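Hydrogens, waters and symmetry mates are skipped; everything else that's a heavy atom, side chains included, is used. All chains are named by letter (A, B, ...) in the order of the sequence lines, taking the proteins before the strands, and each is independently numbered beginning at 1. Being a predicted model, the structure only gives us computed values, none of them experimental.
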Amino acid sequence: MNDHSQYVLKRPAPESIPHPFKIEYEKELNAAQLAAVTALEGPVLVIAGAGSGKTRTLVYRVARYIESGLPAQNLLLLTFTRKAAQEMLSRAGLLLGTVCDRVAGGTFHSFSNTILRRYGSAIRIDPSFTILDRPDGEDVIQHLRNARGLGEREKRFPRKSTLSDIFSASVNKAIPLEEVVLTDYPHFSIHLEEIMDLEKAYNDYKRQRSLLDYDDLLVQLQELLEDHRETREHLSEIYRAIMVDEYQDTNKIQARVARLLCATHENIMVVGDDAQSIYSFRGAHFKNIMDFPKEFPNARIFKLEENYRSTQPILNLTNEIINRATEKYTKHLFTRQKQGNPPVLVQAENENWQSRFVCQRVLELREEGVPLQDMAVLFRSSHHSFDLEIELVKHGLPFIKRGGFKFIETTHVKDVLAHLRVLQNPRDAVSWNRLLLLIEGVGPKKSQNIITAILKETDWVKVLKSQSETLAGGSVLHELVRMFEDLLASPAIPAEQLSRIYSYYTPLLPQRFDDYPKRIRDLEHLYAITERYLKLDEFLSDIALEPPNEAVSDVEPTVKETEKLILSTIHSAKGLEWHSVFIVWALDGKFPSMYSFDNPEEMEEERRLMYVAATRAKKGLYIIYPVNIFDKVLGSVLSHPTRFLDGIPRSLYNSWSIVE
DNA sequence: AACAAGTTGTTTTTT
DNA sequence: ACAACTTGTT
C-alpha cells in the first residue's frame, strides 16, 4: 500500500494471513457481477450503471485475485477522485480485513507522487520535489507575469487564474496551447505569443526548482513510463493486475498511464458509466470509455444494469432524465424494489424558503428514524449552500460540507504553510515572497531583494538578520528571525514546528482579518492534522494531494461524524448514496448554469450532472427550486425549474408548493 | 516603495 | 459578494 492510502485508512499493520475468508461469490453477486469478478485475465471493460454494485464488484474481484494466489501488493486500484479511492479501499478492508492493506491504490495523482519520488530520477526528477497546488502555481505565474511587465498593456492581458486555466486545459485535453487560446479565449489571441512564452517560462521555472503542479504529476508519470522501458516493465511486473474505477472521468494522459502500466500483461479492468461523465472541463470524455475496446481489441465487456440502490419511482424519473440526452447511452436500469414514494418537485418562494423547507423536511425525516448522515443536500456549485448553512445553524442541525473551497487554500492556512515550506526548501521563492509580504514595511521590491540575497547565500538566516537590522522598527522581521533560529536549533516534528510558527503568526492575524477568531480555529484544525505526521515532507505532500475533505465551516467540532447532515457539490457526491437526497437550486439558469446555454456539449454534461445527483437517492428525492430570482448577468428573472424535467410525464413526480 | 482607497470584472465543477 | 487590478497618497 502506498504512503497516501495509509493516511486515508488507519488500520492495524498487516499480518501475514493467507485467506481466512469464505466468500460465496455465486450467492453474493448477480450474473453480470460474477462474470466481471471472475474474469481475472486480460483486459475487461465493465459498464456499470448508477447503483449497480460497481464498488462491490471491484472489491470482490480483489478478493478473488488474492484467493487465486496473487499477493495483495501486486494489485493496483486507481481512480480519479480521492473519495472514490477511499471508498474502494475501505470497502475492500471490510470484506477482507488486513490482507488488503497491502493493495496499492489511490488517485492517479497520489500514485504518481509515490512513483516519481521513487523512480523519477530516471527522467531527472529530484525525489524531494515540491507539489504546487493551484494557488501556488498561480503565484508563480503571477510572479513571471509581473517580471515580464505583462500587466501593463493597453489591451488587457489575462489574469493569473485564467492563465492557469489555459495551461491546464492544454495539458489535460491534450490540445496545443495555441488552439486552446484561439478557440476558448479568442479575445486573448492578440496576446498569443506572450501567453506561449509565459507557459514556457512557467515550465522552466518549475523544472529548475523541482516544483510539480497537479498536471505535471500526470505528465511526468506518463513520460517516465513512455521513455523508460526498464521502469515501465519493472512497474508492470510489480502491478500484475490493475483496476481503474470511474474510468469515464479519466483523461487521455491517465488512460495512457493505465495502458503503459499493464504493458507486459494486459491484466486491466476499467469500470465506468458513460452516463455519469462529469469532468469534461478537465479533459475527461465519456468517449474514452468507448475507446477502451479499440485500445484492447480482445477486451471482454460486461454490463451491470440491475440497480440495488433506488426504488422504481426514482429510477423511472432518472431514466427519463438520461434518455432525453442527445447522445444515446448504453443501458437501461431496473430494480426489484418496485414500491416507493415518487420524487417531489418543490417550488419555493425564494432562497430562504428553500432552505427552510430543507430544514423542516430533514427534521421530519429524522423524527421518522432516518439518521442525519443518511440524508444529503446536493448542489451545482458550492456557494449554493450558503443560505442553507445559516438556516441549519439556526435550527441546531449539525452538518458537514464537501467540495468547494478547501480550507487548505485559505489565505491564513497558506501563510502558515509557507513558513513550513521554506524550512523544507529554502529555495522556495514563492513561499518566501508570501511570508515576507506579511511583514509591515516589506513590499514587493524589498521582498524581491531579500529573496535574491537568500538564493545566493547558503546561510539564509544570516541574510534575514542583516535585513532586519536595516529595516527601521522592523520588529516583526526580528520576530521572524528569532522564530527561524528556534526552528533550526533543534530537530522537531511538524506539529512542534507549527506550534512555534503560530506563536509568531497568530499575533499578526487581528490586524489582517476581521474574522480572525474563525481563522484561528482553522489553524487549530491544521495543527490536529500535523499531529499525525513525523516528517515534514510527507505532511507537505499529503496536504497537497489529500487535503481534508471538509470545507471551511462553522460546524460544532464536538458532534460526531456520524450525526451530520451531508452538504455536497454534485461532483463530490459521485459514487455515494443516501436515504434521502435534496437537490437545491434546480432553477433553470443556475442548474443548468446559464454559462452552458449556448454550448450543447456543456449542456449535455449538465444533464449528466443532474442524473448523477438524482441517482444518489435510495428512497426519497426532493428537487427544489426558488422562484423570482433576479439574475444580474442575464438581467432577467429566473423562475422556471430545471429544463431537465421538461417533457417528463407529470405522473412520474409530485409537485409541491411551499405554503406558510 | 509601501500602503490605502477606489474601480473593474467575474462567477462551476477536482487533482 | 468578492477578488484582482488601478490609482492616489504618504
Side-chain angles (χ1 to χ4, degrees), chain A residues 4 78-85 106-113 131-138 142 145-146 150-153 156-165 168 171-172 187 212-219 221 246 249-251 253-254 277-284 378-384 386-387 402-406 408-409 411 436-437 439-449 471-472 511-512 541-547 549 551 568-574 585 589-596 599 602 605-606 608-609 612-613 631-634:
Chain A
H4 294 284
L78 290 173
T79 64
F80 167 61
T81 60
R82 287 177 285 121
K83 195 131 319 122
T107 63
F108 276 91
H109 290 87
S110 71
F111 176 69
S112 170
N113 176 50
I131 296 169
L132 298 182
D133 64 15
R134 204 188 137 107
D136 294 333
E138 287 183 2
Q142 184 75 329
R145 199 186 102 138
N146 293 340
L150 289 171
E152 303 127 26
R153 301 263 155 167
R156 207 167 64 78
F157 194 75
R159 53 164 74 180
K160 60 179 181 182
S161 58
T162 312
L163 290 164
S164 179
D165 283 342
S168 188
V171 172
N172 284 297
H187 48 297
L212 272 72
D213 64 20
Y214 289 138
D215 295 340
D216 293 328
L217 283 172
L218 297 180
V219 171
L221 177 60
E246 306 284 5
D249 290 327
T250 55
N251 60 29
I253 306 175
Q254 290 163 324
S277 169
I278 54 176
Y279 282 97
S280 68
F281 66 91
R282 54 168 303 290
L378 306 181
F379 31 87
R380 174 70 182 87
S381 40
S382 66
H383 65 264
H384 285 164
F386 287 170
D387 186 72
R402 300 221 171 112
F405 268 133
K406 280 147 213 117
I408 214 71
E409 290 178 2
T411 315
L436 288 170
L437 287 177
I439 297 163
E440 210 170 325
V442 180
K445 208 77 195 181
K446 183 127 204 149
S447 161
Q448 200 48 56
N449 290 341
L471 201 69
Q511 47 178 322
R512 283 173 56 80
S541 290
D542 273 9
I543 213 78
L545 290 171
E546 319 258 2
N549 282 325
S568 175
T569 59
I570 296 167
H571 285 87
S572 291
K574 185 94 105 53
W585 278 108
K590 296 290 181 182
F591 188 9
S593 159
M594 44 180 272
Y595 299 106
S596 53
N599 183 332
E602 278 178 34
E605 179 138 320
E606 297 281 313
R608 291 192 295 270
L609 257 180
V612 168
D631 192 290
K632 267 181 287 183
V633 187
L634 277 180

[atom1] of [X] versus [atom2] of [N]: gap in Å, rounded?
X	N	atom1	atom2	answer
A:Gln142	C:dA4	CD	P	9 Å
A:Ile570	B:dT13	CD1	P	11 Å
A:Arg134	B:dT15	CZ	C1'	11 Å
A:His571	B:dT13	NE2	P	9 Å
A:Phe108	B:dT14	CZ	P	18 Å
A:Asp249	B:dT15	CG	C1'	12 Å
A:Asp216	B:dT14	CG	P	21 Å
A:Arg145	C:dT6	CZ	C1'	12 Å

Kindly say if [X] contacts the phosphate of [N], meaning a side-chain N or O under 4.0 Å from OP1 or OP2.
X	N	answer
A:Ser110	B:dT15	no
A:Ser161	C:dA3	no
A:Ser593	B:dT11	no

What's the closest nucleotide to the [X] side chain, out of [options]?
X	options	answer
A:His109	B:dA2, B:dT15, B:dT11	B:dT15
A:Tyr214	B:dT10, B:dT15, B:dA2	B:dT15
A:Phe281	B:dT14, B:dT15, B:dT10	B:dT14
A:Arg282	B:dT10, B:dT14, B:dA2	B:dT14
A:Leu545	B:dT11, B:dT15, B:dA2	B:dT15
A:Thr107	B:dT15, C:dC5, B:dA1	B:dT15

With sequence neighbours left out, write down each residue that passes side-chain hydrogen bond (donor to acceptor under 3.5 Å, both in side chains) with A:His384, or none if nothing qualifies.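 For A:His384, the residues satisfying side-chain hydrogen bond (donor to acceptor under 3.5 Å, both in side chains) (neighbours in sequence not counted) are A:Ser381.
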
What pairs with A:Asn449 under side-chain hydrogen bond (donor to acceptor under 3.5 Å, both in side chains), at least two apart in sequence or on another chain?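 Partners of A:Asn449 by the side-chain hydrogen bond (donor to acceptor under 3.5 Å, both in side chains) criterion come out as none, since no residue qualifies.
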
Contact nearer the 5' end of DNA chain B, comparing A:Thr162 with A:Ser447: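 The residue whose closest nucleotide sits nearer the 5' end is A:Ser447.
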
Let me know, please, whether A:Asn449 or A:Asp165 comes out on the 5' side of the other along DNA chain B by nearest nucleotide.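 Upstream on the strand: A:Asn449.
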
Please report the interatomic distance CG(A:Leu78) to NE2(A:His109), rounded to the nearest 0.5 Å.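 So the CG of A:Leu78 and the NE2 of A:His109 are separated by 12.0 Å.
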
Which residues satisfy the salt bridge (charged side-chain N to carboxylate O under 4.0 Å, His left out) test with A:Asp133, sequence neighbours excluded?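 Here the qualifying residues are A:Lys414.
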
Identify, with sequence neighbours excluded, every residue that meets salt bridge (charged side-chain N to carboxylate O under 4.0 Å, His left out) alongside A:Asp387.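 For A:Asp387, no residue satisfies salt bridge (charged side-chain N to carboxylate O under 4.0 Å, His left out) once neighbours in sequence are set aside.
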
Lys/Arg N to Asp/Glu carboxylate O, A:Arg134 vs A:Asp165, below 4.0 Å: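 A salt bridge is present here (some side-chain N lies under 4.0 Å from a carboxylate O).
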
Any side-chain donor-acceptor pair under 3.5 Å between A:Glu605 and A:Ser280?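 Indeed, the side chains of A:Glu605 and A:Ser280 share at least one donor-acceptor pair under 3.5 Å.
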
Report the stems of DNA chain B as range-with-range entries sorted by first number; a stem here is at least three consecutive pairs, Watson-Crick or G-U wobble, both distances under 3.5 Å, and write none if there are none.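 Paired runs of 3+ in DNA chain B: B:1-10 with C:1-10.
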
Who are the ring pair (Phe, Tyr, Trp, His ring centres under 6.0 Å) partners of A:Tyr279, not counting sequence neighbours?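 A:Tyr279 satisfies ring pair (Phe, Tyr, Trp, His ring centres under 6.0 Å) with A:Phe80, A:Phe281, A:His571 only.
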
